[in-house]
A.B. asks: 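Before I ask anything, let me first share the structure, which is written out below as structure tokens.
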There are 2 protein chains.
Amino acid sequence: MVGIDEVARRAGVSTATVSRALSGRGHVAAATRERVEAAASELGYVVSASASSLATGRTRNIGVVVPFLNRWFYTSVIEGAQRRLMQYGYDLTLYNLSGVSNERGTVFEHFLLRQRVDAVIAVSLELSPDEVHSLHALGKPLVGVGGPIPGVPTLSIDDLAVSRLATEHLLSLGHTVIAHIGGDVDAEMSFHMPTNRRLGWEAALRDAGIDPRPDLYYPAVFTMESGYLAAKRMLGDPRLRPTAVVVASDEMAIGAILAARDMGLEVPRDISVVGIDDHELAPFFGLTTVAQFPEGQGEGAVELLMHELDQARGDDEATNVPLPFELVVRSSSARPRADRD
Amino acid sequence: MVGIDEVARRAGVSTATVSRALSGRGHVAAATRERVEAAASELGYVVSASASSLATGRTRNIGVVVPFLNRWFYTSVIEGAQRRLMQYGYDLTLYNLSGVSNERGTVFEHFLLRQRVDAVIAVSLELSPDEVHSLHALGKPLVGVGGPIPGVPTLSIDDLAVSRLATEHLLSLGHTVIAHIGGDVDAEMSFHMPTNRRLGWEAALRDAGIDPRPDLYYPAVFTMESGYLAAKRMLGDPRLRPTAVVVASDEMAIGAILAARDMGLEVPRDISVVGIDDHELAPFFGLTTVAQFPEGQGEGAVELLMHELDQARGDDEATNVPLPFELVVRSSSARPRADRD
DNA sequence: CGCCGGCGTGCAAACGCTTGCGCTGCGGTG
DNA sequence: CACCGCAGCGCAAGCGTTTGCACGCCGGCG
């Protein structure tokens with residue numbers, strides 16, 4: 001392994017100059033820099049990450065913690081974060097909390113808290129004040145994605161506004177009996193996200209002068225199957241059947257569409273369905289949905305982190321950056337049938 | 001940040017002894033060890049990863065390279081690898097090649113090859129001899145998952161045997177007109193995997209004395225939509241319609257099931273469908289499939305790596321470890337209708 | 001013309017651990 | 001009883017960078 005002193009010798013300078021030339025810190029004459037760069041590339045020199053970390057105290061490595069991996073949202077966030085991190089020359093170390101259920105503490109104590117990462121991105125994770133505190137104490141910046149963490153800068157969409165938008169879309173089409181399939185308070189997804197999406201639905205209805213009927217709320221967990229089952233319940237009695245439904249996630253919404261089909265109903269003729277996410281399968285199912293952009297969220301988180309790393313903990317404003325979302329109309333939503341009601 | 005010398009002072013020993021006591025290397029009296037451990041935990045001491053790496057030359061960090069993230073197979077492999085790595089006290093650094101398409105070299109030069117990881121797991125990746133060589137030159141163990149890499153120990157299922165099994169299942173049910181929806185040679189999935197699955201289908205048919213008809217092979221890429229479209233083509237003409245189909249992945253198979261439904265056909269009455277993977281959605285769709293166990297593959301890769309790391313490049317046997325697979329019969333396969341043909 | 005500031009570079013001290021070597025004892029063997 | 005071997009521990013030399021400080025030099029300003 002070729003080290004910095006070989007480069008120094010070859011370029012006829014000291015190791016200090018090599019370091020400065022290569023890192024861009026400090027003043028180095030242009031000519032010298034070129035000579036150093038040439039020597040380095042000829043020798044195939046690359047700085048030793050560990051030596052550099054030891055000297056600077058920074059690892060150029062950031063930890064991303066997720067509760068699951070096998071979900072479109074998380075992988076998308078990671079993908080975005082990874083791409084941006086790579087541009088900055090950072091590595092992404094992945095911590096997946098699923099599968100270590102009882103060992104959540106391990107992740108924090110034995111990995112995160114050790115000097116293996118410079119900062120942490122927590123995706124859809126509810127961190128305990130203790131956990132937040134210990135990270136802060138170590139001077140490790142921390143940003144959350146997908147849900148507010150008290151005292152921590154966070155990127156997330158306004159769930160309430162999102163499902164309000166979905167509902168308003170249906171209202172604008174002329175629907176008045178609009179159901180909601182949505183989040184049971186799921187231990188894993190936590191974050192009031194499900195609750196907020198339900199509240200958005202209620203708020204939109206109220207604003208339209210419609211009283212949200214509790215019997216039109218169908219709780220479900222965030223899987224296709226659970227959405228399917230909820231939709232079956234919802235569509236069972238033709239007299240009580242709503243003309244449209246706002247579903248808290250695309251995966252559940254797809255389940256709902258499949259349920260409708262299985263019952264001989266047609267989407268959107270018999271029931272309009274709108275989801276939330278813009279999941280990769282949404283186009284295939286023609287699902288109208290409110291898109292959020294998880295990759296962008298991952299990128300944004302990195303951006304925020306880099307900023308914080310630069311200014312050495314200048315400000316700790318735990319701002320909650322609101323994220324863009326967008327209604328994507330496809331074929332699963334339409335005006336209610338004229339011949340009904 | 002509390003360092004090793006503080007611990008040493010508190011335990012009344014030298015730093016050398018602390019190091020040995022905590023790492024388990026070398027001889028340390030039981031009593032001393034306990035004292036050191038107590039001191040360490042009281043002080044909340046954790047070794048500095050970079051210092052340790054610098055001294056030992058090992059980072060306790062392994063790189064996992066994937067071509068995509070947004071696919072069930074990759075995330076599952078990663079999940080398995082991550083879990084096992086954590087048990088060994090290793091971190092997982094993720095490199096996602098999608099999104100850096102033209103920058104693939106960057107990943108290798110600027111990250112992998114630098115001393116940031118001790119070893120590499122390449123998932124479903126076709127590495128160039130150059131890439132393999134440079135890793136080898138650095139003494140970095142490398143194992144592949146999901147496809148053979150020349151000169152590299154690899155874990156993968158026997159694709160040919162797997163699709164043969166799927167086909168034999170259908171044959172045993174009495175089907176004789178069995179189609180195949182499968183892999184176009186997709187630039188991204190590479191690896192002959194698609195080809196082998198087609199060959200397995202052909203082989204099984206031949207063994208049963210049936211000549212595989214080229215017109216019963218429907219190429220598709222590995223997405224639900226592509227499977228859907230292929231199935232539509234396949235099922236279009238009632239006269240030519242097969243009674244069963246072996247699909248090269250569950251996602252495509254689900255697409256095929258949806259296509260059948262859309263055409264008013266019933267699965268398995270009108271067409272039996274069997275997939276490959278045992279995707280998380282397979283149970284929901286009642287899909288008969290040949291399960292592979294990607295999480296286990298991830299774990300196995302780690303196991304292999306740890307072994308190689310231990311014995312400091314003792315043997316370079318580029319063995320290709322065959323992996324288990326298993327037929328999972330659900331409701332998408334049945335005997336062909338008696339009243340046909 | 002003298003001084004000052006800053007550019008360009010080198011020296012050497014960290015950074016926090018690991019580990020080879022060497023020094024004690026102590027128990028077991030011949 | 002002498003000696004050998006080894007468990008148990010400490011000393012100190014690395015591991016390969018970064019960076020504060022020092023120094024020389026040059027140009028500009030008063």
Side-chain angles (χ1 to χ4, degrees), chain A residues 1-37 39-40 43-61 89 110 113-118 138-139 309 312, chain B residues 1-37 39-40 43-61 89 110 113-118 138-139 309 312:
Chain A
M1 208 69 246
V2 20
I4 199 176
D5 28 13
E6 273 186 65
V7 179
R9 206 175 312 132
R10 181 166 191 134
V13 295
S14 71
T15 64
T17 300
V18 172
S19 175
R20 284 192 269 257
L22 261 30
S23 69
R25 267 179 296 265
H27 309 277
V28 177
T32 312
R33 158 163 309 147
E34 279 171 26
R35 213 150 18 95
V36 170
E37 276 166 359
L43 293 171
Y45 167 76
V46 323
V47 307
S48 154
S50 18
S52 175
S53 296
L54 182 57
T56 61
R58 327 192 64 186
T59 63
R60 296 193 79 74
N61 205 303
H110 286 272
L113 296 189
R114 320 220 156 201
Q115 29 302 58
R116 307 181 77 105
V117 297
D118 290 341
L138 289 172
L309 282 173
Chain B
M1 208 70 245
V2 22
I4 198 176
D5 27 14
E6 273 185 66
V7 179
R9 208 174 312 133
R10 181 167 190 133
V13 295
S14 72
T15 65
T17 301
V18 172
S19 176
R20 284 191 268 256
L22 262 29
S23 70
R25 269 180 294 265
H27 308 278
V28 177
T32 312
R33 159 162 308 147
E34 281 171 25
R35 210 146 24 93
V36 170
E37 278 165 358
L43 293 171
Y45 168 77
V46 324
V47 306
S48 153
S50 20
S52 174
S53 296
L54 182 57
T56 60
R58 326 193 65 187
T59 64
R60 296 192 81 73
N61 206 302
H110 286 273
L113 296 189
R114 320 216 155 202
Q115 22 312 51
R116 306 181 77 104
V117 297
D118 291 340
L138 289 173
L309 282 173

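Chain A is the first sequence line, chain B the second, and so forth, proteins listed ahead of strands; every chain is numbered from 1. Just so you know, these numbers use all the heavy atoms, side chains as well, and skip hydrogens, waters and symmetry mates.
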A.B. asks: Rounded to the nearest angstrom, tell me the gap between atom CZ in B/Arg20 and atom C1' in D/dA12.
C.D. replies: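 After rounding, the gap between these two atoms is 12 Å.
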
A.B. asks: Between D/dG10, D/dT19, C/dG8, which one does the side chain of A/Arg25 approach most closely?
C.D. replies: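 Of all the options, the side chain of A/Arg25 is nearest to D/dT19.
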
A.B. asks: Report the distance from atom CD of B/Glu6 to atom C1' of C/dC17, rounded to the nearest whole Å.
C.D. replies: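 Whole-Å distance recorded here is 14 Å.
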
A.B. asks: Is B/Ser14 close enough to D/dG10 that one of its side-chain N or O atoms is under 4.0 Å from OP1 or OP2 there?
C.D. replies: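 Yes, because at least one side-chain N or O of B/Ser14 sits under 4.0 Å from OP1 or OP2 of D/dG10.
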
A.B. asks: Expressed in angstrom and rounded to an integer, what is the separation of B/Tyr45 atom OH from C/dT18 atom C1'?
C.D. replies: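 Rounded to the whole Å, the gap is 10 Å.
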
A.B. asks: For the side chain of A/Arg58 and the backbone of A/Ser53, is there at least one donor-acceptor N/O pair under 3.5 Å apart?
C.D. replies: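 Pair absent, no side-chain N/O of A/Arg58 close to backbone of A/Ser53.
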
A.B. asks: Taking any heavy-atom pair under 4.0 Å as a contact, classify A/Ser50: base, sugar-phosphate, or nothing.
C.D. replies: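 The residue A/Ser50 makes no contact with any strand.
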
A.B. asks: Please determine whether a side-chain nitrogen or oxygen atom of B/Ser48 lies at a distance below 4.0 Å from atom OP1 or OP2 of C/dG16.
C.D. replies: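 The answer is no; no side-chain N or O of B/Ser48 sits under 4.0 Å from OP1 or OP2.
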
A.B. asks: Under the 3.5 Å rule, do the base of C/dG8 and the side chain of A/Arg33 count as making a donor-acceptor pair?
C.D. replies: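 Looking at the base of C/dG8, it does not pair with any donor or acceptor on the side chain of A/Arg33 (distance under 3.5 Å).
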
A.B. asks: Rounded to the Å, how far apart are B/Leu54 CG and C/dC15 P?
C.D. replies: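 Atom CG in B/Leu54 sits about 14 Å away from atom P in C/dC15.
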
A.B. asks: Separation of A/Ile4 atom CD1 from D/dT17 atom P, in whole Å?
C.D. replies: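 That distance rounds to 5 Å.
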
A.B. asks: A/Asp5 and A/Thr15: side-chain donor and acceptor closer than 3.5 Å?
C.D. replies: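 No, no side-chain donor-acceptor pair sits under 3.5 Å.
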
A.B. asks: When the distance from NE2 of A/His27 to P of C/dT9 is rounded to whole Å, what number comes out?
C.D. replies: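 Distance, rounded to whole Å: 11 Å.
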
A.B. asks: Take B/Thr56 and B/Arg35, find for each the nucleotide of DNA chain D with the closest heavy atom, and name the residue whose nucleotide sits nearer the 5' end.
C.D. replies: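 Going by which nucleotide is closer to the 5' end, it is B/Arg35.
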
A.B. asks: Just the rounded figure in Å: distance from C1' of C/dC15 to CZ of A/Arg58.
C.D. replies: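 So the two atoms are 15 Å apart, to the nearest Å.
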
A.B. asks: Within the structure shown, what part of the strands sits under 4.0 Å from A/Ala16 by heavy-atom distance: base, sugar-phosphate, or nothing?
C.D. replies: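 The residue A/Ala16 makes base contact.
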
A.B. asks: To the nearest Å, how far apart are A/Leu22 CG and D/dG16 P?
C.D. replies: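 Distance check: A/Leu22 CG to D/dG16 P gives 17 Å.
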
A.B. asks: A/Ser23 near the nucleic acid: base, sugar-phosphate alone, or nothing, with a heavy-atom cut-off under 4.0 Å?
C.D. replies: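 A/Ser23: no heavy atom of the nucleic acid under 4.0 Å.
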
A.B. asks: Given D/dT19, D/dG16, C/dC17, which nucleotide is nearest the side-chain atoms of A/Ala51?
C.D. replies: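 Of all the options, the side chain of A/Ala51 is nearest to D/dG16.
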
A.B. asks: Answer with base, sugar-phosphate or nothing: what part of the nucleic acid does A/Thr17 contact at a heavy-atom distance below 4.0 Å?
C.D. replies: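 Contact class for A/Thr17: sugar-phosphate only.
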
